[in-house]
Engineer: 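Got a structure for you, written out below as structure tokens; questions coming shortly.
The first residue of the sequence shown is numbered 1, and numbering continues consecutively from there. Just so you know, these numbers come straight off a predicted model, no measurement behind them.
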Amino acid sequence: MPASDFPQDLLDAQAALDEVQAERDQFTQTLPWSAEPLPGWKADKQLHSDYRAEKEDSPGYTPEEAERVAGYRARILELTTFVITHPYWGWGTLSGNRVEPVPPSSTPTTQPPLRRSHA
């Protein structure tokens with residue numbers, strides 16, 4: 001018996017999305033704090049603390065690093081769009097900048113209307 005009734009392509013896309021986001025997060029932790037070259041800074045001392053936040057100068061991303069980050073962003077957008085517009089959800093399909101609704105008779109699940117409490 002399957003663990004869920006989600007379609008396999010939806011599960012695969014969500015798994016791929018999680019993997020790409022983890023790869024992106026791991027990669028971006030190795031990058032300078034700013035994508036563009038910027039001077040470092042040191043914050044003023046805060047009341048009741050000796051801690052002073054500071055950042056070193058950032059050389060910015062190399063063209064290769066910027067291209068790789070852009071690639072991650074594009075892939076994440078592609079996978080996210082696939083997951084949230086999947087027919088399983090019954091929301092419709094993308095058509096340009098609009099979501100075209102699916103007729104109610106073709107939605108995969110029927111849920112009762114939301115109840116609102118007036119407390």
Engineer: When you compare the side chain of F27 with that of V69, does any pair of heavy atoms fall below 4.5 Å?
Structural biologist: yes
Engineer: Linking I/L/V/M/F/W/Y whenever their side-chain heavy atoms sit closer than 4.5 Å, directly or via other members, would L31 and I76 fall into one cluster?
Structural biologist: yes
Engineer: Begin with the C-alpha distance, continue with both residues' side-chain angles, and end with the deciding distance and a verdict on side chain to side chain contact (heavy atoms under 4.5 Å, CB included) for T62 and E67.
Structural biologist: CA-CA 9 Å; T62 66; E67 186 177 327; over 6 Å; no
Engineer: CD1 of I84 to CG of L17: how many Å apart, nearest 0.5 Å?
Structural biologist: 10.0 Å
Engineer: To check you understand the geometry: which heavy-atom pair defines the closest contact between V83 and W89, and what is its length?
Structural biologist: O-NE1, 2.7 Å
Engineer: Can you tell me which residue pairs pass the side chain to side chain donor-acceptor pair (under 3.5 Å) test with a partner in residues 32-61, sequence neighbours excluded?
Structural biologist: none
Engineer: If the threshold is 4.0 Å, N to carboxylate O, is there a salt bridge linking R68 and E65?
Structural biologist: no
Engineer: Kindly compute the distance separating OH (Y88) from CG (D5), expressed to the nearest 0.5 Å.
Structural biologist: 4.0 Å
Engineer: Around atom CD of Q8, are there more than 12 heavy atoms of other residues, nucleotides or ligands at under 6.0 Å?
Structural biologist: yes
Engineer: Is there any side chain to side chain donor-acceptor pair (under 3.5 Å) pair reaching into residues 13-30, and which pairs are they, with sequence neighbours excluded?
Structural biologist: Q14-D18
Engineer: Measure the shortest side-chain to side-chain distance between P59 and P32 over non-hydrogen atoms and say whether it is less than 4.5 angstrom.
Structural biologist: yes
